[in-house]
Asker: 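I have a structure I would like to understand better, so I am pasting it below and will then ask my questions one at a time.
In what follows, chains are A, B, ... by sequence order, proteins preceding strands, each numbered from 1. Atoms considered below: every heavy atom in the structure, side chains included; atoms not considered: hydrogens, waters and symmetry mates.
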Amino acid sequence: MAQVSLTFPDGTKREFDAGITAAEIAAGISNSLRKKAISATVNGVHWDLQWPIETNASIAINTMKDTEPALELIRHDCAHIMARAVQEIWPDTQVTIGPVIKGGWYYDFDRAEPFVPEDLALIEKKMKEIINKRDEVRTEIWDRARAVKFYEDNNEPYKVELIDAIPGDEPLRMYWHGGWQDLCRGPHLQNTGQVPGDSFKLMSIAGAYWRGDSDRAMLQRIYGVAFQNKNDLKKHLHMLEEAAKRDHRKLGREMDLFHMQEEAPGQIFWHPNGWKIYTELQDYMRRRQNGADYVEVNTPQVVDRKLWEASGHWEKYQEHMFIVEVDEEHAREKAVNALKPMNCPCHVQIFNQGLKSYRDLPLRMAEFGSCNRYEPSGALHGIMRVRGFTQDDAHIFCTESQIEEETEKFIQLLSLIYKDLGFEKFSIKFSDRPEKRAGSDEVWDKAESALMTATKAVGCEFELNPGEGAFYGPKLEFVLTDAIGRDWQCGTLQVDFVLPERLNATYIGEDGTKHRPVMLHRAILGSFERFIGILIESFAGKLPFWLAPRQVVVASIVSDADEYVHEVVAALKAKGIRAEADTRNEKINYKVREHSLGKVPAILAIGMREVEERTVSIRRLGDKRTNVVALDQAVQQLGQEARAPDLN
RNA sequence: GCCGCAUUAGCUCAGCCGGUAGAGCAAUUGCUUCGUAAGUAAUGGGUCGGGGGUUCAAAUCCCUCAUGCGGCACCA
């Protein structure tokens, strides 16, 4: 019999008969390892204990202590156990796919009756029964015809379709535990009892399209999470609770920032507090962009369809545009308009006014552009995904040879701004040419390499996102990581050779003839609405002092201090600080609690001692300590903190 | 847009099998002047998301529309 040489993690090599399984190897080492083993890693591939090893390889036996394989197996087996539980409870249910995802798994089912939340407890109970049975997991390779016939006989058309999609040279693997089977590439645990029965939880039921295709059947998806032990599950659930506390919709209400109502779905009613954040952020962005040699413009909201036809938006995005038709009786002429969904066509109109010379380039045209898009109802989400929003948009009209330098400058500006806003870390995704695209390969070569060398020149690493570029050019996407580790794609830089062509933008070159400029579409925040949502969630409402809508509340302890309280407020306001007096007839405990919940970064408590000494007692949000300082000093210090980072 | 769930006082929520609404907080008004996360009492407050239907009777059952929530699809 042929031999294989296997190298163990400690470097020792041993010879085995070819076709030996990892389970047999584990058993040869010790009986306890045989029981504890969950899988193997063979030449870097996660390997089922039952799979034969036919070639020389490196091998490691995994146990539950090996976190990465353990979690993958636990979650994957949970998916199977859940599918079995569902089919045992409701035999008329068809199973489809059930992959492992971050933190857990899901499984998609086809069943006439909808699952209801109460079903989850039922399924969990059944899953625990299956785990307690410690059913052995068994696997076999089947040939295609047999597998197809099997699923046809069992009336499982989804599985038949999955088999059809698997390349012909790949073996089909079947897995069993108990009487239940599933088509699966594996690997899996040795028996169902290896799944910790107290460390998983079914989370939610949702609809999901078969194969992610909105033209196909809507299946029912059940999401679950699973961990190595009970404590990790607890930590995970706790983290979810903490994330829920940061929800910008909840904080928006509690901090009285904004509201939304059904008469204007997807649009925001900004309250005074929320609008303070908005304008403060916008003022800051305006100063930063002015400093980076942008010119600011403003363009119309309601624009004739002719322009959208010329730009190509009418054809591609008509369904997502708010169409405005003026009633014929009142109109001098019948016209069909659309609310602008983006600013670029309008910016080209400004560029096209008068002759432009190469000396005018690069021309960085910025607009806090108010846009409206008719987003699908299901896409709306708080202030993060809305139908009316304002982009921190700009278009840089430049020559091809300027792309590189402009990219560099943009990344520098973006880094500076993200840092000012409290996001030290961001990552970049580079999306190159998609299959369907405009422009010659030559132009794409130039655009991609310019974008790439510029990105590298700034010293930024990026992840390649192949084929994900816009149809008109490659793009960079800037993803920032918030305080609890979530990623948000905010900034973007897109190279566009198409729109200048479509809208006939030209400049006179050094040679005295007309040339086509390149447009760089770019945004840093993305939209103010969404970015403020991100700020709220990342800071859990505790915004940096300069962005806080209410920066200081001066609260009296006794009413005899009221007069001095107003004096303090006046002094703070004179320094440009957003300060309020709270002289209500309430205990200081009550006031401190209320303003703390309102996320006011500084509370100044004023009793008779402060009045007599002309001091204030400063209490910072989230800090139990107080700090008594002279009034003048407090005004000076808080005035400094209240300034935006670019003004310090 | 699709699947599921939800919509009751300003907020958070209770209201089983149909008999026309309830709590806590908030608000208002008293009393209380109290030194760092809820002092106290009284009072007011709801066409139960809109429309339609079933019924002697609907917050409750059915249909429909709207909005929201969780996903899916979408995101120029």
Asker: What is the nucleic acid contact for A:Glu315, judged by heavy atoms within less than 4.0 Å: base, sugar-phosphate only, or nothing?
Answerer: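 No contact.
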Asker: Going by the angle between their ring planes, with limits at 30° and 60°, are A:His347 and A:His395 parallel, tilted or perpendicular?
Answerer: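 It falls in the perpendicular class, over 60°.
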Asker: Under 4.0 angstrom, heavy atoms only, what part of the nucleic acid is A:Arg619 near: base, sugar-phosphate, or nothing?
Answerer: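 Answer is base: heavy atoms of A:Arg619 come under 4.0 Å of a base.
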Asker: Whether A:Arg249 contacts B:C69 is assessed here as follows: a side-chain N or O lying under 4.0 Å from the phosphate OP1 or OP2. Is that the case?
Answerer: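 Looking at the OP1 and OP2 atoms of B:C69, one of them is under 4.0 Å from a side-chain N or O of A:Arg249.
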Asker: Give one of base, sugar-phosphate or nothing for A:Gly312, where a contact means two heavy atoms less than 4.0 Å apart.
Answerer: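 No contact.
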Asker: May I ask you to evaluate whether A:Ser377 reaches the phosphate of B:G1, defined as a side-chain N or O under 4.0 Å from OP1 or OP2?
Answerer: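 Checking A:Ser377 against B:G1: at least one side-chain N or O falls below 4.0 Å of OP1 or OP2.
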Asker: Under 4.0 Å between any heavy atoms, over every strand shown, what does A:Gly526 touch: base, sugar-phosphate, or nothing? Just pick one.
Answerer: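 No contact.
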Asker: Hey, is the side chain of A:Arg253 poking within less than 4.0 Å of OP1 or OP2 on B:U12, counting only N and O atoms?
Answerer: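 The answer is yes; a side-chain N or O of A:Arg253 sits under 4.0 Å from OP1 or OP2.
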Asker: By the 4.0 Å heavy-atom rule, please label A:His381 as base, sugar-phosphate, or nothing.
Answerer: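 Counting heavy atoms under 4.0 Å across all strands, the contact made by A:His381 is with sugar-phosphate only.
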Asker: Determine the contact category for A:Tyr106: base if any of its heavy atoms lies under 4.0 Å from a base atom, sugar-phosphate if only primed atoms, P, OP1 or OP2 are that close, otherwise nothing.
Answerer: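 Since no nucleic acid heavy atom lies under 4.0 Å of A:Tyr106, the category is nothing.
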Asker: Under 3.5 Å, is there a donor on one side chain and an acceptor on the other for A:Arg211 and A:Tyr209?
Answerer: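 No - no donor-acceptor pair under 3.5 Å links their side chains.
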Asker: If you check every side-chain atom of A:Tyr209, which of B:A66, B:A76, B:C72 has the closest atom?
Answerer: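 The listed nucleotide nearest to A:Tyr209's side chain is B:C72.
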Asker: Quick one: is B:U36 close enough that its OP1 or OP2 comes under 4.0 Å of any side-chain N or O from A:Asn589?
Answerer: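 For B:U36, neither OP1 nor OP2 has a side-chain N or O of A:Asn589 closer than 4.0 Å.
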Asker: Run the ring-centre check on A:Phe115 versus A:Phe109 and record whether the distance is less than 6.0 Å.
Answerer: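 Distance test on ring centres: under 6.0 Å, yes.
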Asker: So A:Leu219, base contact, sugar-phosphate only, or nothing? Heavy-atom distance under 4.0 Å.
Answerer: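 Counting heavy atoms under 4.0 Å across all strands, no contact is made by A:Leu219.
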Asker: Check every strand shown and say whether A:Pro114 touches a base, only sugar-phosphate, or nothing at a heavy-atom separation below 4.0 Å.
Answerer: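 Counting heavy atoms under 4.0 Å across all strands, the contact made by A:Pro114 is with sugar-phosphate only.
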Asker: Step by step, work out the side-chain contact (heavy atoms from CB on, under 4.5 Å) result for A:Lys475 and A:Val495.
Answerer: CA-CA 6 Å; A:Lys475 63 180 177 185; A:Val495 183; over 6 Å; no
Asker: Look at all strands and tell whether A:Phe471 reaches a base, only sugar-phosphate, or nothing, counting heavy atoms closer than 4.0 Å.
Answerer: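 A:Phe471: no heavy atom of the nucleic acid under 4.0 Å.
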Asker: Select base, sugar-phosphate, or nothing to describe what A:Ile588 touches, counting heavy atoms under 4.0 Å on all strands.
Answerer: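 The answer is sugar-phosphate, as A:Ile588 gets under 4.0 Å only of primed atoms, P, OP1 or OP2.
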Asker: Any donor-acceptor pair under 3.5 Å linking the side chain of A:Arg578 with the backbone of A:Ala548?
Answerer: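 Yes, the answer is positive, given that a donor and an acceptor are paired below the 3.5 Å cut-off.
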Asker: With a non-hydrogen cut-off below 4.0 angstrom, is A:Met608 in contact with a base, only sugar-phosphate, or nothing?
Answerer: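 Base contact.
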Asker: Which listed nucleotide (B:G35, B:C72, B:G39) is nearest to the side chain of A:Lys587?
Answerer: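 Given the options B:G35, B:C72, B:G39, the side chain of A:Lys587 is closest to B:G39.
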Asker: What is the nucleic acid contact for A:Arg609, judged by heavy atoms within less than 4.0 Å: base, sugar-phosphate only, or nothing?
Answerer: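 Base, at least one base heavy atom under 4.0 Å.
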Asker: Taking only side-chain N and O atoms of A:Tyr590, does any of them lie within less than 4.0 angstrom of OP1 or OP2 on B:A26?
Answerer: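 So the side chain of A:Tyr590 is within the cut-off, an N or O lying under 4.0 Å from OP1 or OP2 of B:A26.
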Asker: With respect to the side chain of A:Arg385, which nucleotide from B:C74, B:C69, B:G35 is positioned closest?
Answerer: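 Within the option list, the nearest is B:C74.
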Asker: Which of these nucleotides, B:G70, B:C3, B:A37, is closest to any side-chain atom of A:Met218?
Answerer: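 For the A:Met218 side chain, the nearest candidate turns out to be B:C3.
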Asker: Determine the contact category for A:Pro265: base if any of its heavy atoms lies under 4.0 Å from a base atom, sugar-phosphate if only primed atoms, P, OP1 or OP2 are that close, otherwise nothing.
Answerer: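 A:Pro265: backbone/sugar contact only, no base atoms under 4.0 Å.
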Asker: Students often get this wrong, so: under 4.0 angstrom with heavy atoms, is A:Ser556 touching a base, only sugar-phosphate, or nothing?
Answerer: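 Since no nucleic acid heavy atom lies under 4.0 Å of A:Ser556, the category is nothing.
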